[in-house]
**Student:** 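Input: one structure, supplied below.
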Amino acid sequence: AIERYHQHIAEVKAAVPVEQLLIYSVAQGWQPLCAFLGIPAPATEFPSVNDRAAMQRRIHGMTYAAYIILGLAASVLGSVIYCVAHMLA
């Protein structure tokens, strides 16, 4: 798959005229993209949705929430079993 990806990139570079092709990485921010499009760069900061630290915090929060839900479910199930066992006794 990686080889095919690199092959595709080479095909695009060969097919598209240099003046119509922007080789761009989001790490470069607004400036190269806006210059290529001929528009002014926004005053706002370039979004970084895939920030590693933010993703790790999000995953940690989801893991914590999952453990809380599992704990609550186990408590409810235990309470139900306890009540049913005492009703049958």
Side-chain angles (χ1 to χ4, degrees):
I2 294 172
E3 179 58 36
R4 178 62 190 121
Y5 170 77
H6 290 295
Q7 182 183 1
H8 174 71
I9 297 297
E11 291 169 359
V12 169
K13 286 180 179 179
V16 177
V18 172
E19 64 277 358
Q20 294 180 357
L21 180 65
L22 173 65
I23 307 297
Y24 175 75
S25 168
V26 294
Q28 296 172 298
W30 289 121
Q31 200 54 43
L33 179 61
C34 292
F36 180 78
L37 296 172
I39 60 172
T44 59
E45 187 175 321
F46 192 83
S48 57
V49 177
N50 289 330
D51 172 16
R52 179 184 294 264
M55 289 297 249
Q56 287 174 336
R57 284 192 304 273
R58 199 170 300 144
I59 290 169
H60 176 73
M62 288 188 303
T63 303
Y64 182 74
Y67 282 126
I68 289 175
I69 290 168
L70 285 173
L72 289 172
S75 295
V76 169
L77 183 60
S79 297
V80 168
I81 291 171
Y82 178 80
C83 290
V84 168
H86 277 72
M87 289 173 56
L88 295 176

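The structure displayed is predicted, hence computed values, not measured ones.
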**Student:** Using the rule that Ile, Leu, Val, Met, Phe, Trp and Tyr join whenever any side-chain heavy atoms are under 4.5 Å apart, tell me whether V84 and V76 fall into a single cluster.
**Tutor:**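 Yes; V76 is reachable from V84 via cluster members.
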**Student:** Test of understanding: clusters of I, L, V, M, F, W, Y form through side-chain heavy atoms closer than 4.5 Å, transitively. Do L77 and Y67 belong to the same one?
**Tutor:**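 The answer is no; the residues belong to distinct hydrophobic clusters.
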**Student:** Would L72 and L70 show up in the same hydrophobic cluster when neighbours are defined by side-chain heavy atoms closer than 4.5 Å?
**Tutor:**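 L72 and L70: separate clusters.
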**Student:** How close do P40 and C34 get, heavy atom to heavy atom, and via which atoms?
**Tutor:**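 Heavy atoms only, the tightest pair is O-SG, 3.9 Å.
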**Student:** Are P32 and S25 side-chain neighbours, meaning at least one heavy-atom pair lies under 4.5 Å?
**Tutor:**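 They are not in side-chain contact.
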**Student:** Taking all non-hydrogen atoms of both residues into account, name the closest pair between K13 and I23 and its distance.
**Tutor:**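 Looking at all heavy atoms of both residues, the shortest contact is CE-CD1, 3.7 Å.
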**Student:** Please check if the number of heavy atoms outside R4 that lie under 6.0 Å from its CZ is greater than 12.
**Tutor:**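 Counting other residues, nucleotides and ligands, CZ of R4 exceeds 12 neighbours.
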**Student:** Would you indicate whether Y24, at its atom OH, is surrounded by more than 12 heavy atoms from other residues, nucleotides or ligands within a distance under 6.0 Å?
**Tutor:**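 More than 12 heavy atoms, drawn from other residues, nucleotides or ligands, come within 6.0 Å of this atom.
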**Student:** Would you check if the side chain of W30 reaches a backbone N or O of A43 as a donor-acceptor pair within less than 3.5 Å?
**Tutor:**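 A pair under 3.5 Å: no.
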**Student:** When hydrophobic residues are tied together by side-chain contacts of less than 4.5 Å, even through go-betweens, does L33 share a cluster with F36?
**Tutor:**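 In one cluster: yes.
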**Student:** Please say whether more than 12 non-hydrogen atoms of neighbouring residues, nucleotides or ligands are located less than 6.0 Å from CD in E45.
**Tutor:**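 At most 12 heavy atoms, drawn from other residues, nucleotides or ligands, come within 6.0 Å of this atom.
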**Student:** Indicate the ring-plane relationship of H86 and Y82, choosing parallel, tilted or perpendicular according to the 30° and 60° boundaries.
**Tutor:**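 If you compare the ring of H86 with that of Y82, the planes turn out tilted.
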**Student:** Under 4.5 Å between side-chain heavy atoms, counting indirect links through other Ile/Leu/Val/Met/Phe/Trp/Tyr residues: same cluster for F46 and L22 or not?
**Tutor:**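 Yes, because F46 and L22 connect within a single hydrophobic cluster, where side-chain heavy atoms sit under 4.5 Å apart.
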